[in-house]
Every structure is written in C-alpha cells, then in structure tokens.
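Written out below as structure tokens is the structure these notes cover.
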Amino acid sequence: MGVSLGPADYARSLWRIVRGKPNVPPSLRDNALLGLLLRRRSVRSYGERPVPDDVFAAILEAGRLAPSTVNLQTWSFATFTAESWRATFDSPLPFRGQRAVLVMGDTHRAHAVADAFPESPLVEYTVAVMNASLAAMAMNVAAEALGVSSVMLSETGRSGFLDAGYLKERLALPDGVIPLMTIIFGYAKGAYPPMPPKLPLDQICFAGRYREADPAVMADWLAQMVAGYKASHLFSSFDAQLKVYQAKIGQAEADLRRMVLK
Ligand SMILES: Cc1cc2nc3c(=O)[nH]c(=O)nc-3n(C[C@H](O)[C@H](O)[C@H](O)COP(=O)(O)O)c2cc1C
C-alpha cells in the first residue's frame with residue numbers, strides 16, 4: 001500500500017484516533033449492554049491472573065447457545081490453557097493469554113445425521129463460517145460481561161484460517177471442519193487501548209442502492225490506520241504487517257480450496 005505520513009499528518013491522525021468516540025444519544029448512554037459492546041476492545045496484553053474454570057465455562061456456554069442457520073450449530077470449539085497450547089503447538093499462547101478457544105466451522109457433525117448440503121460447497125462453507133463467527137462473537141461479549149478481555153486471531157501465532165492446513169493436521173480435524181480463528185482470553189494488563197479508526201456510519205450504511213465510499217474519507221481512515229500502527233509498533237509498520245498477511249495468503253488459499261472444494 002506504501003502510505004507514508006509526514007510529521008503533521010501523523011500527529012493529526014493520532015489526534016483523530018485519540019478523540020474517536022462512539023456516537024450514542026445521551027438518553028441511551030447508561031444502557032449496560034450497549035455500553036459493553038461499545039467499550040469492548042481487542043486486548044493484546046494480559047496479566048497473570050488465571051481465568052477461573054466456571055467463568056471460562058460460562059463463556060463457552062454463550063458460544064454453545066448462539067444462533068445458527070436452521071439451528072444446525074455448525075461449529076466446534078477447541079479449548080486450551082496456556083500449558084495445553086504450548087504442548088500442542090510448541091509455542092506460547094499469544095499475548096500471554098490465560099485461555100484460548102479455536103473456533104471452527106463444522107459441517108462434519110451435521111453431515112453424520114442429515115445430508116443438509118447436497119453438492120453445495122460454497123453454501124456449506126458460508127453457513128459454517130457465518131454461524132461459527134456468531135458463536136465467536138457471543139463468547140467475546142460474554143467474556144467482556146464477566147470482566148474477561150479477549151482478542152480474536154486469524155494470523156498471530158498460527159491460530160486461524162491463514163494456517164488452516166497446519167491446524168487441520170495438528171488437531172486431526174476431519175473433512176468439513178475448518179479452523180477460522182482463535183479467541184484469546186485473560187484479564188487485561190493495564191488500560192484498554194484507544195478505539196482504532198472506525199469508518200463513519202455514512203460510509204458503511206446506505207438506504208436503497210449501494211453507495212460508494214468517499215475517497216477522501218477512506219484516505220483519512222488509511223492515514224489513521226498507518227499512524228495508529230506506527231504508534232503502537234516501534235519495530236514494524238502497517239505495510240510490513242500487511243506483507244506478513246500477504247505472504248501467507250497463497251498457502252491458505254490452496255489449503256482452503258482443498259478443504260472446502262475437495
Ligand atoms: C476474525 C478476526 C481475526 C483477527 N485476527 C487478528 C490477528 O491475527 N492478530 C491480531 O493482533 N488481531 C487480530 N484481530 C483483531 C483486529 O485487529 C481488531 O478487531 C481490529 O483492529 C479492531 O479493533 P477492536 O477489536 O479493538 O475494535 C482479528 C479480529 C477478527 C474479528
């Protein structure tokens with residue numbers, strides 16, 4: 001992408017990030033669940049305090065009871081402690097998290113009882129991804145409600161769909177079970193990070209026909225992304241991180257084609 005910012009644009013973009021706030025009418029500001037949803041952040045630094053078993057079980061329960069297409073529950077969750085993650089993957093749990101759940105789309109289980117998806121790999125894949133992602137978000141929100149922070153990972157630590165082939169092999173996943181993301185859980189160390197730049201509602205929402213985004217607003221957003229990344233990663237850059245993703249895409253595409261299209 002190659003965006004480089006001069007000092008003035010860098011400072012202006014950081015200022016915009018720091019000033020970013022959810023837009024909520026004053027009359028709704030004390031709604032507890034809304035407040036939780038708007039306050040939630042991806043947390044990448046955890047303390048040593050363990051997540052108790054009953055709290056973790058409640059988080060999983062929120063995933064189990066999530067909505068799904070025809071109530072097919074096309075998901076599987078692989079659970080880890082820091083120790084079992086290390087034993088399974090020979091690497092530490094990212095960000096010193098205390099627990100993790102690898103969320104998978106799973107149509108293997110439903111296939112065993114009913115032929116719900118005759119010859120429709122893209123429909124099957126879409127249903128699996130959609131439902132499992134909703135379950136992931138339910139776990140993320142439940143955690144937040146219990147004072148536990150989280151971050152979803154699809155790349156960091158070989159933890160998601162970009163390493164689908166590797167995870168399939170390590171966890172002996174049958175066909176129809178596709179790794180999507182790992183959610184890391186723990187108690188946040190320090191304050192939450194500022195809200196990363198979110199696109200304004202009028203750029204993502206339209207009534208009637210599709211509306212193209214404003215190039216000036218998109219350029220402004222990109223400048224904030226670049227500045228925010230630079231401020232929080234002394235030895236990396238937004239471009240460098242994009243290249244990390246891009247380097248893995250070819251292998252991931254090949255693995256997913258094999259797993260989804262067979
Ligand atoms: C499916 C998914 C995969 C993600 N993968 C990663 C990842 O591999 N590494 C990482 O540091 N953050 C990852 N994130 C977190 C995003 O970077 C984060 O949600 C985004 O920057 C917005 O920040 P917020 O969650 O605080 O609103 C992922 C998020 C989602 C939903």
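Counting convention: from 1, in listed order, for ligands and their atoms alike.
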Taking 4.0 Å as the limit for heavy-atom contacts, which would you say applies to [X] with ligand 1: side chain only, backbone only, both, or neither?
X: Arg44; result: side chain
X: Ser42; result: both
X: Tyr245; result: side chain

Mind checking salt bridge (charged side-chain N to carboxylate O under 4.0 Å, His left out) for Lys230 and listing every partner two or more places apart, or none if nothing turns up?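 Here no residue qualifies.
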
Check salt bridge (charged side-chain N to carboxylate O under 4.0 Å, His left out) between Arg258 and all other residues, then give those that pass, not counting sequence neighbours. Asp255

Tell me whether Arg41 forms a cation-pi arrangement with Tyr192, defined as NZ or CZ under 6.0 Å from the six-membered ring centre and within 45 degrees of its axis. no

With Arg49 as the cation and Tyr187 as the aromatic partner, state whether NZ or CZ is under 6.0 Å from the six-membered ring centre and within 45° of the axis. yes

Does any N or O atom in Met152 lie less than 3.5 angstrom from one in ligand 1, N or O only? yes

Starting from [atom], find the nearest protein heavy-atom neighbour and note its residue, name and distance.
atom: atom 23 (O) of ligand 1; result: Pro196 CG, 3.2 Å
atom: atom 22 (C) of ligand 1; result: Lys198 NZ, 3.6 Å
atom: atom 1 (C) of ligand 1; result: Met181 SD, 4.1 Å
atom: atom 9 (N) of ligand 1; result: Thr156 OG1, 2.7 Å
atom: atom 5 (N) of ligand 1; result: Ser154 N, 2.9 Å

Let's go through Asp239 and Gln241 carefully: what are the C-alpha distance in whole Å and the side-chain angles of both, what is the deciding distance for side chain to side chain donor-acceptor pair (under 3.5 Å) to 0.1 Å, and is it a yes or a no? CA-CA 5 Å; Asp239 273 356; Gln241 184 55 31; over 6 Å; no

What I'd like to find out is whether the side chain of Ile178 reaches to under 4.5 Å of the side chain of Met104, using heavy atoms alone.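 They are not in side-chain contact.
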
Under a 4.0 angstrom heavy-atom cut-off, which atoms of ligand 1 come close to Arg41? 24 (P), 26 (O), 27 (O)

For ligand 1, which atoms have a heavy atom of Glu155 less than 4.0 angstrom away?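 Listed by number with element, the hits are 8 (O).
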
Considering all protein heavy atoms, does one lie under 4.0 Å from atom 7 (C) of ligand 1? yes

Please verify whether a non-hydrogen atom of Met195 lies at under 4.0 Å from ligand 1.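 Under 4.0 Å: no for Met195.
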
Can Glu83 and Arg86 be counted as an ion pair, charged N to O under 4.0 angstrom?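 No, no charged N to carboxylate O under 4.0 Å.
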
Ring-plane angle category for Phe89 and Tyr166, please: parallel below 30°, perpendicular beyond 60°, tilted otherwise.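 Answer is tilted, since the angle falls between 30° and 60°.
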
Would you say His111 and Glu124 are linked by a side-chain donor-acceptor pair, where the criterion is simply a distance under 3.5 Å? yes

